[in-house]
Amino acid sequence: MRRPTLWGAVLYLAFCLVGCGREPFRVGFSATLTGTYSDLGIHGRNGARMAIEDINAAGGVHGRRLELLVADDTGQPEGAREADRRLAAQGVVAIIGHMTSAMTMAALPVTKETGVPLISPTTSSPYLQGQKDLFFRVHPTSDTAARALARWVTGKPGIQTVCTVRDLLNEPFSSPWEAAFVDEYEKLNGPVICRLTYSSTDEAFLSSLVGTLRQSVPDMVLLVSSARDTAFISRTLHEAGIPSLILTSGWAQTDALLVELGLHSTGLLLATDNAPTDTTAMLREFSWQYHKRFGVYPSFAAVRAYDAVRLLATALEEAKGQPKHLVEALSRPRTLDSLYGPLHIDAFGDASGAVYLVAVKNGRFVVLEQIAGDMP
């Protein structure tokens with residue numbers, strides 16, 4: 001990743017003298033920017049903007065600037081389809097989005113209808129794996145982390161019984177994540193004693209959840225939920241005196257979790273494909289630049305969105321700046337030098353990478369260990 005310097009500014013001026021008169025490549029960004037899951041969308045938009053700025057400062061793509069057009073998918077299926085149609089009508093070469101699996105799946109018919117490829121920073125549902133279509137991503141599929149977590153749990157002292165709780169509103173992510181964990185866990189450890197779902201964290205659900213867990217007394221509770229829901233449910237269980245170890249998925253790995261957990265972070269662990277943004281020199285530099293630009297530190301959504309734009313720019317270069325050859329270029333297997341390290345993307349546009357066990361300590365995410373993502 002490069003940030004503009006004095007020399008970069010000189011190069012950019014020279015670039016503009018030659019290429020700024022040419023029409024820019026328009027790039028769409030479509031995500032939830034308001035409501036419950038807006039933490040992902042806002043960080044994703046910011047990361048995409050940083051990538052656009054860096055690429056333009058380095059000379060653009062084939063002598064042409066990139067221009068980012070942003071649309072709010074509202075977190076609703078029809079909103080996602082309307083946002084993508086609107087961006088396609090504005091002549092974007094590709095859309096970076098969506099940030100949840102549910103919105104991506106809702107929008108896929110529009111992708112096919114318009115012919116505009118969709119490159120998701122964070123969609124990880126295995127429902128979309130291994131398909132020759134116009135969908136590409138830079139985030140590994142979610143079932144890998146789920147199975148890795150089940151293997152990590154195996155043999156751990158004090159973890160004999162497990163209950164799961166998952167959000168139905170992002171079913172394309174939560175269902176396969178939870179199912180993969182349960183499948184792997186039951187092969188190695190025996191039955192999961194309760195599997196709960198919710199679509200609202202209202203009083204009725206919380207009362208039922210607390211009652212079930214008091215009766216079941218699980219050693220571990222697995223939450224497959226957003227950052228805000230994970231924090232809220234964790235606080236509720238803590239206040240109810242339920243002592244279970246709480247684990248969650250990488251979906252919850254945003255600053256919203258850190259802010260809303262408050263003092264109730266003890267014992268919370270995450271199984272995630274995303275290392276915290278202070279673990280390598282490259283991530284620390286990105287984090288510092290992001291904070292300087294936006295006033296907050298980035299989540300994994302910002303990092304993945306930055307890499308999604310870089311993947312698009314790389315493919316557009318390979319297509320010699322011709323959007324009609326972009327899908328062909330995106331479909332080539334490659335190893336992307338991502339901010340998280342080497343990211344392998346296959347011919348179906350599916351990515352694979354490392355899995356980490358992450359804790360919340362003193363208001364930050366801390367890597368405890370890297371856990372095996374593939375079957376031994």
*Spell out, yes or no, whether Ile95 and Val110 are grouped together once hydrophobic residues are joined by side-chain heavy atoms under 4.5 Å, including indirect joins.*
no
*Report whether Phe348 and Leu311 are members of the same hydrophobic cluster (ILVMFWY, side-chain heavy atoms less than 4.5 Å apart, transitive linking).*
no
*Decide whether Asp167 and Ser174 meet the rule of one side-chain donor and one side-chain acceptor closer than 3.5 Å.*
no
*Kindly check if the number of other-residue, nucleotide or ligand heavy atoms within 6.0 Å of CD (Glu203) is above 12?*
no
*Is the backbone N or O of Leu33 less than 3.5 Å from a side-chain atom of Asp72, with the two atoms forming a donor-acceptor pair by type?*
yes
*Would you please say whether a donor-acceptor pair under 3.5 Å links the side chains of Asp273 and Ser124?*
no
_Distance under 6.0 Å and angle within 45° of ring axis: Arg64 vs Phe25_ = yes
_Donor-acceptor pair, distance only, cut-off 3.5 Å: does the side chain of Ser120 make one with the backbone of Thr122?_
yes
*asked:* Before you tell me yes or no, could you show the steps for Asn189 and Thr154 under side-chain hydrogen bond (donor to acceptor under 3.5 Å, both in side chains), namely the whole-Å CA-CA distance, both residues' side-chain angles and the distance that decides it to 0.1 Å?
replied: CA-CA 7 Å; Asn189 299 283; Thr154 300; 3.0 Å; yes
*Would you check if the distance from the ring center of His43 to the ring center of Tyr290 is below 6.0 Å?*
yes
*Evaluate the side-chain contact (heavy atoms from CB on, under 4.5 Å) criterion for residues Thr236 and Phe205: first the C-alpha distance (whole Å), next the side-chain angles of each, then the deciding distance (0.1 Å), finally the verdict.*
CA-CA 11 Å; Thr236 299; Phe205 162 71; over 6 Å; no
*Looking at residues at least two apart in the chain, or sitting in another chain, which of them share a side chain to side chain donor-acceptor pair (under 3.5 Å) with Glu78?*
Arg81
*Could you pull out all residues at least two apart from Phe135 that satisfy ring pair (Phe, Tyr, Trp, His ring centres under 6.0 Å)?*
none
*Does Thr141 use its side chain to pair, donor to acceptor, with the backbone of Asp143 at less than 3.5 Å?*
no
*Taking Ser216 for its side chain and Thr212 for its backbone only, find out whether a donor-acceptor pair lies under 3.5 Å.*
yes
*Under 4.0 Å between a Lys/Arg side-chain N and an Asp/Glu carboxylate O for Asp219 and Lys156?*
no
*Answer yes or no: is there a donor N or O on one side and an acceptor on the other, between the side chain of Lys132 and the main chain of Ala347, under 3.5 Å?*
yes
*Side chains of Thr123 and Thr104: do they bring a donor and an acceptor to under 3.5 Å?*
yes
*In terms of heavy-atom contacts, does OH of Tyr297 have more than 12 from other residues, nucleotides or ligands at under 6.0 Å?*
no
*Taking Ser244 for the side chain and Pro218 for the main chain, is one N or O donor matched with an acceptor at less than 3.5 Å?*
yes
*Ion pair present between Arg310 and Asp337, side-chain N to carboxylate O less than 4.0 angstrom?*
no
*Would you check if the side chain of Asp350 reaches a backbone N or O of Gly130 as a donor-acceptor pair within less than 3.5 Å?*
yes
_Are Val366 and Tyr340 linked, directly or through intermediate hydrophobic residues, by side-chain heavy-atom contacts shorter than 4.5 Å (ILVMFWY only)?_
no
*Ser125 side chain to Pro172 main-chain N or O, any donor-acceptor pair under 3.5 Å?*
yes
*Got a sec, which residues hit side chain to side chain donor-acceptor pair (under 3.5 Å) with Thr164, two or more places apart in sequence or on another chain?*
Glu178
*Could you walk me through whether Tyr306 and Asp54 pass the side-chain hydrogen bond (donor to acceptor under 3.5 Å, both in side chains) check?*
CA-CA 10 Å; Tyr306 186 94; Asp54 289 352; 2.7 Å; yes
